[in-house]
Structure formats: C-alpha cells, structure tokens
**Student:** 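A single structure is presented below for examination.
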Amino acid sequence: MNRTHEAGTLRLAHVGQQVTLAGWVARRRDHGGVIFVDLRDASGVVQVVFRDQVAEAAHDLRSEYCVELTGTVQRRPAGNENPDLATGEIEVEVTALTILSESAPLPFPIDDHVEVGEEVRLRYRYLDLRRSRPAAALRLRSEANRIARNLLHERGFVEIETPTMTRSTPEGARDFLVPARLHPGSWYALPQSPQLFKQLLMVAGMERYYQIARCYRDEDFRADRQPEFTQLDIEMSFVDQNDVIELGEAIVAALWSQLAGYEIPRPIPRLRWHEAMDRYGTDKPDLRYGLELTDLTEYFRGTEFRVFASAIESGGYVGAVVMPGGASQTRKELDGWQEWARARGARGLAYVLFDAESGEPKGPVAKNLSPAHLSGLAAAVGAKPGDAVFFAAGERWTSQELLGKARVEIASRLGLATPGEWSFVWVTDAPLFAPVEHSDDVTLGTGRWTSLHHPFTSPTPEWRDRFEESPGEALACAYDIVCNGTEIGGGSIRIHDADVQRRVFRLLGITEEQASEQFGFLLEAFKYGPPPHGGIAFGWDRICALLSGAESIREVIAFPKSGGGYDPLTGAPTPITAQQRAEAGIDAKPKKTTTA
RNA sequence: GGUCCCGUGGAGCAGCUCGGAGUGCUCGCCGCCCUGUCAAGGCGGAGGUCGCGGGUUCAAAUCCCGUCGGGACCGCCA
C-alpha cells in the first residue's frame, strides 16, 4: 500500500501520529514560506502543510498532480480550524513528498463551486467524477444496489444473469441488433428487458429470481432516457398481486429510509387506473399537490358552445383543471398556453378567468356559455375568485391526458411540486387492451386491440373468462409504482394458462404461426407445468436519480451517452472497416426468409 | 419526423434588440512576490477562425439562409 491512512478519515485522535497519504492535489495556497495543499482521495480531503525544504518541492505542485506524502498529524493552531471540513481540526505537517504523476492543465476546474457544461463534463467524465457530487451519485447507486441485494437475498431470491444477445422480445420498442458472423444474414437483438427469460426461470422452478439487468431500447432521447438503461428485475412464483406489491414496497421503503432518510408511510396508497385518469389525467400522478380534474361532461350537456357540444354529442368528454391565481395572467401568458397545448397535439386550451374581486367569469369562452352554466361553474370545478379554469373537450383519454399535462405544468409554474417531499402511489387495474389507434403498435398482431402492458399480462380474475366480450373494459393484473409523478417500477401477474394465452393472442390478431415464430420457445415451455407467477421491474436509473436529487439519469450513470446515442468520451458509435463489415455478414442474405 | 433554446480564449457567462477595431466579467493557465491560508492574496503576462458555409452591407459575433454540434419538449418509448 502507498498509504497508511485515508485522507478524509484523520481526526484529532490521530494527532502526533506519522502518516503516509496518497491522493490528488485538489487546491494549493502558496504563501511563499508556507504552502497549504488540500489533498483529496476517495475518502475526502485533508489540509497538508509544507514548510522549509519540502516547501521548495511543493512550489512545483499543480492541480491534480497525484502525490504520496509522509508527515505528522497536528492539531491546527487555535483559530485556524475549518468547521466546513470533517478533517478541519487537524492538518498534516509534511516531511516527505513524492510526485507519483503529473497532470496536464485541466479542461475544466475540478471544483464543486464551478458550473461546467455537460458536454465537456461527459467528454472528460473521469475528471468530472473526481468532483464530490458526481462521485457521490455513483456511490449512492452502489449503496442502492447493495440494499436491494441484501433484502432480496434475505427473502431467498436468486440472482441470475440472462443473455444480452438474444432474440427480439415483443415489447414495442425498436431493437438494437448485432450481426451474427457464424450465421451470415441473421442477427441477435439486445434485450429490451429480460421479460421472457425470467418467465422461463419460473418454469425452471427457480421460484424467486432477480437481476440488476441492463436493457436496450433504440428509441429517441429524453432527459430520463438512455439507449441502455438498468432495471432491478424481479419475478416470483406462486404469488398474487398483493405479494409482489408487498415486496416492492419493502424494497422502495428500504431505499428511501437508508438513502434519503425518509420513512415511507405504508401501505403505499393504491389508485385504480381509471380513477387516476379521471382525477389526474395520467397513469402516473404526482400526488404532492391536488389540482384534480373535474369531469364536466354532464354539467355541460345541452350547451350551445360548439366545441363542448360536439364532444359531448359524439360520446366524448369535457373536463377542466383549475389554476389557482391564474386569472392574473397576461394575455401573452394565456396565448402561451394555446401554443403549449398545440405543441401537445391539441387544438388549443379553452379557459375561463374568474375576476379576482367580483368572481365574474371572463374570457372568450365565457361569452359562449349560458348564464346558467357560467353561474354554477366556479362551484362545479372548485374555483375561487382570481383563479383560471382550463378546459379540454373531445375523446376521453386524449382530453384527460391534456388536462393532466396542464395540471403538471400549472404545478410547476406555481412551484407546488416541492423538492424533498415524497409521494408514492400504486396504480393498479390498468386496461388489458388499448384500441390500436391509441398506440400505433404495428409490431404485434393485426387486430383492433393491442396490449397496454405486454401480451403475457394476466387479466384480472373477474375478466379472465370473458375479456373478449368487452376488450376495452377488461382490466389487467398489472401495477405501476409512481413516485412524484415518475413511474419508477411496474409489473404484472403473467398468464400461465395456455388457453388464456391463446385467447389473448387471438384477440390481438396474432396468428399461431406468428406467435410460434416470435416466442414459440416460451409457449413450448408453458406446456410443462408452468407455475402461476408474476413480477416487477424497477427503473433503476430513475430511482437512483430521484434519491440523489439529480436532474437527469445521466448523473447516476458512470459513462452515459449524450443525445443521438453518441458517447462523448469514446466517440462511439464509429464506422467499421470494410473487413469488419464483410466478416460480420451484414450484407448477407439470410437463407430462410422471415417476415416477422 | 416536428418545435423551441444554446454555440464567444481552457471553463462559465455578458455583448447580439438598435451592425462600426475581438470589447467586458468571474474562474483557470504561465511568471514573479508573499510564513496561517482554506473558493488565499498582490503584481504582471499569454491565450480567439465569435461552431461551420453562404448571403445582405462600405462594414457582421450582431441581420438573413443553410448546415453541424449540444440541450429541452412533442411524436415515439407496452
């Protein structure tokens, strides 16, 4: 070992001891005759002091030189303690200095006080990670892994790795593909999740499986998305929904207790999916604030206002969300909301303002509403004088989703989503199927319906025998856990009955040939006594980002990609040589033509 | 596929509306000074294709068009 102690661990108790430390020059304060250097290693920072002959050598130290030094721990002179440092009561008087390696001038200062652009941080991520906050984010993630592993091992779970080169699984996103040199023209897919493998492990009798699994989806970017991301993936046999939810709560509670110092009140409340849509316009509501939606379809039945009337007559929906204090918005701000709504595919966002003094309803829409509808409106939506009410009218889900997004936007503008406050909720009983026009999912089947979750999700018991009668109303044995408006995990009880599975495929318009082509191996496995099973997968990057207070999941990934899937550090992806191309068999025609 | 924002010495920003010499701020870097600092301080210095290409103009960091790169959002992501 280069060192006898770690820099950040030295305390008054070490005074008088000779120590050898190794680390980096974080900062130097050169006074000529005496030089102070903040020496940083993984454990923290300690001030070291150079005088006399060693000071001459220390003059040449520069930022981020890697050094080893020997000296004596001393109590700092009275009045010179630094209460901001854990080691602030002591310092190390250096007697010998060795420069282990020098550092070129830095592309950006390694200083917690300096803001640095993300582009350059990621390009030099190994320097970025020398800073305390990025380093702490990775350490927190390591702790999260440990907490989950400990808990799952205590409960008898088996950690099992599954392939990263596999066959495409039917999950709706685009696959990353890997050419198979030994089978020119054929390709592996990187898994979008270990979904099918974990179900096979249940057939295999493992009963309790988990994995911190890397998943790959070739989709466009968002702040909370990476082309490769991590799930805490779990599957259990002989369980029902409540068993999986109990386990999920235990994991989330342990994480928040140990890493955020927050005891989640349990049981975590549950919302049925339709109730979430009706009240919050989303399947992942942020319950840190109210602002619930109001269904006004019945209230406005018979209105002359064409926008509302046509929605109601065509069997649609009219609803509203209140913006407290919103009546004081300028014309420009109100126009801004129209633009905001158009960016989200709506025609606009109708509104009524309630005068702050008189409570009088105002605005262009108010002129089109009858006196009766206007006079009861404030009470119907729960608005007070000075508030604004936004309306959406049209198809039910679409309108609710628009209001739901407006609700989030209102909360953000009014600062209602308090950082450091936590709200957890399970959203259960989602629809089993969605009409095809809702998802444009063309990868699976040719029917009028598509799976909202995935085609192995079990219907709830009451729908198991009759989901064909009313596919739009059938409910799934599925559950998502939501934290502060972010989905952090989700899962379902799976279908283990071959007949139910066949009926689901039939409804989805998946022929037996297609089913056997795409996941015949799973159906084959299910011939051999598959146990009832279900599971859950947690979005590990999102959870770690929430726990570390990060804006983006990039902060909790050691080497994240930037937009367009580009890795600013290695420069990947790169073109390949003609030889690599030929060897990989990329241009070869497959012997067997598959049209799946 | 679409919308918006950003691109100015090594880092972070201002300058751009309303065109007039690469102008400014904070930090870093180099040299010298300095014996109690801790985001040390003082003096001096170096460092620029204002992302790139085109256009308008007597004159472009600034106005216009295109393009590249980054970020956010919509679509997409069960």
Side-chain angles (χ1 to χ4, degrees), chain A residues 26-39 45-52 55 59 62-64 76-85 87-88 91 93 103-124 127-128 169-174 192-193 195 215-227 229 283 336 339-346 401-402 405 409 430-434 438-444 450-457 476 478 480 487 490-492 508 537 539 551-552 554 562-564 566 568:
Chain A
R27 182 163 263 118
R28 73 207 143 85
R29 293 173 291 278
D30 188 340
H31 291 243
V34 60
I35 300 172
F36 300 99
V37 165
D38 292 337
L39 184 80
V45 169
V46 70
Q47 172 167 286
V48 299
V49 189
F50 297 88
R51 295 181 214 278
D52 307 327
H59 280 300
R62 292 293 179 270
S63 288
E64 299 306 314
R76 290 196 186 190
N80 283 295
E81 299 85 1
N82 184 345
D84 296 331
L85 293 182
T87 58
E91 61 194 8
E93 178 95 20
S103 170
L106 300 161
F108 57 87
I110 295 178
D111 181 336
D112 290 343
H113 301 88
V114 175
E115 293 271 321
V116 182
E118 194 167 25
E119 205 174 343
V120 67
R121 283 179 52 202
L122 295 186
R123 168 114 199 266
Y124 299 95
L127 296 179
D128 186 40
T169 58
E171 290 179 84
R174 219 170 283 117
Q192 295 179 27
S193 79
Q195 179 64 37
C215 308
Y216 307 85
R217 292 180 192 174
D218 187 6
E219 292 296 337
D220 288 351
F221 271 68
R222 284 287 188 285
D224 59 354
R225 259 189 249 163
Q226 285 272 305
F229 62 98
D283 59 0
E339 206 170 301
W340 176 91
R342 277 193 291 275
R344 281 149 189 82
E401 278 170 6
L402 181 68
K405 286 173 181 171
E409 181 67 23
L432 193 54
F433 306 107
H438 246 285
S439 85
D440 292 329
D441 189 341
V442 293
T443 60
L444 273 178
T450 182
S451 292
L452 204 71
H453 202 66
H454 58 61
F456 310 111
T457 304
D480 286 346
E487 184 196 322
S492 62
L508 295 172
E551 294 279 313
S552 159
R554 289 188 292 267
S562 68
Y566 180 73

**Student:** State whether the number of non-hydrogen atoms from other residues, nucleotides or ligands found under 6.0 Å of A/Arg29 atom CZ is greater than 12.
**Tutor:**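 Yes, CZ of A/Arg29 has more than 12 neighbouring heavy atoms, counting only those of other groups under 6.0 Å.
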**Student:** Is it the case that B/C76 (base atoms only) and A/Arg225 (side chain only) share a donor and an acceptor within less than 3.5 Å, ignoring hydrogens and angles?
**Tutor:** yes
**Student:** Mind listing the closest non-hydrogen atom pair of A/Phe221 and A/Pro227 along with its distance?
**Tutor:** CZ-CD, 3.1 Å
**Student:** What I want to check is whether an N or O donor and acceptor connect the side chain of A/Arg76 with the base of B/C38 at under 3.5 Å.
**Tutor:**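 Side chain to base: pair found, below 3.5 Å.
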**Student:** How about A/Glu91 and A/Val48: do any of their side-chain heavy atoms sit closer than 4.5 Å?
**Tutor:**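 Result no, sub-4.5 Å side-chain heavy-atom pair not found.
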**Student:** What is the distance, to the nearest angstrom, from the CZ atom on A/Phe108 to the P atom on B/C29?
**Tutor:**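 Nearest whole value for this atom pair: 14 Å.
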**Student:** Which part of the nucleic acid, if any, lies within reach of A/Glu91 when heavy atoms closer than 4.0 Å are counted: base, sugar-phosphate only, or nothing?
**Tutor:**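 Touches a base.
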**Student:** Looking at B/G75, does its base get a donor-acceptor pair with the side chain of A/Asp220 below 3.5 Å?
**Tutor:**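 Per atom types, the contact qualifies.
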**Student:** Mind checking if A/Arg344 touches a base, just sugar-phosphate, or nothing, with heavy atoms under 4.0 Å?
**Tutor:** sugar-phosphate
**Student:** Find every protein N or O atom lying less than 3.5 Å from an N or O atom of nucleotides 4-7 of chain B, and list the pairs.
**Tutor:**
none

**Student:** Starting from the 5' end of RNA chain B, give me the residue, A/Asp224 or A/Glu219, whose nearest nucleotide shows up first.
**Tutor:** A/Asp224
**Student:** B/C13 and B/G7: how far apart are their P atoms, nearest whole angstrom?
**Tutor:**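 Per the computed distance, 9 Å lies between those P atoms.
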**Student:** Reckon A/Glu487 touches a base, only the sugar-phosphate, or nothing at all at heavy-atom distances under 4.0 Å?
**Tutor:** nothing
**Student:** Establish, with yes or no, whether the OP1 or OP2 oxygen of B/C30 is under 4.0 angstrom from a side-chain nitrogen or oxygen of A/Arg62.
**Tutor:**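 It does, given that an N or O in the side chain of A/Arg62 lies less than 4.0 Å from OP1 or OP2 of B/C30.
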**Student:** Indicate, with a heavy-atom threshold strictly under 4.0 Å, whether A/Pro77 touches base, sugar-phosphate, or nothing.
**Tutor:** base
**Student:** Remember a base hit wins even if backbone is also touched, and classify A/Ser63 as base, sugar-phosphate or nothing at under 4.0 Å, heavy atoms.
**Tutor:**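 Sugar-phosphate contact only - A/Ser63 comes under 4.0 Å of backbone atoms but never of a base.
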**Student:** Hey, does A/Gln47 reach any base, or is it just sugar-phosphate, or nothing, if we go heavy atoms under 4.0 Å?
**Tutor:** base
**Student:** Do A/Val49 and A/Val34 come close enough that some side-chain heavy atom pair is under 4.5 Å?
**Tutor:** yes
**Student:** Do the side chain of A/Arg222 and the base of B/G71 come within less than 3.5 angstrom through a donor-acceptor pair of N or O atoms?
**Tutor:** no
**Student:** Rounded to whole angstroms, how far apart are CG on A/Leu85 and P on B/U37?
**Tutor:**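 Between P of B/U37 and CG of A/Leu85: 15 Å.
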**Student:** In whole Å, measure the gap between the P atoms of B/A21 and B/C30 for me.
**Tutor:** 33 Å
**Student:** Would you indicate whether the side-chain heavy atoms of A/Asp128 and A/Phe108 approach each other to under 4.5 Å?
**Tutor:** yes
**Student:** Pick base, sugar-phosphate or nothing for A/Gly117, based on heavy-atom distances below 4.0 Å to the nucleic acid.
**Tutor:** sugar-phosphate
**Student:** Looking only at atom C1', what distance separates B/A11 and B/U56, rounded to whole Å?
**Tutor:**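 It works out to 35 Å between them.
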**Student:** At under 4.0 Å between heavy atoms, what does A/Asp30 touch on the DNA or RNA strands: base, sugar-phosphate, or nothing?
**Tutor:**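 It contacts base atoms.
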**Student:** Would a distance-only check, ignoring hydrogens and angles, find a side-chain to backbone donor-acceptor pair under 3.5 Å from A/His31 to A/Gly33?
**Tutor:** no
**Student:** Do A/Arg225 and A/Glu219 meet the salt-bridge criterion of a basic N to acidic O distance under 4.0 Å?
**Tutor:** no
**Student:** What does A/Arg554 touch in the nucleic acid at a heavy-atom separation under 4.0 angstrom: a base, only the sugar-phosphate, or nothing?
**Tutor:**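 Here A/Arg554 touches the backbone only, sparing every base.
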**Student:** Does a side-chain heavy-atom distance below 4.5 Å link A/Asn82 with A/Arg76?
**Tutor:** yes
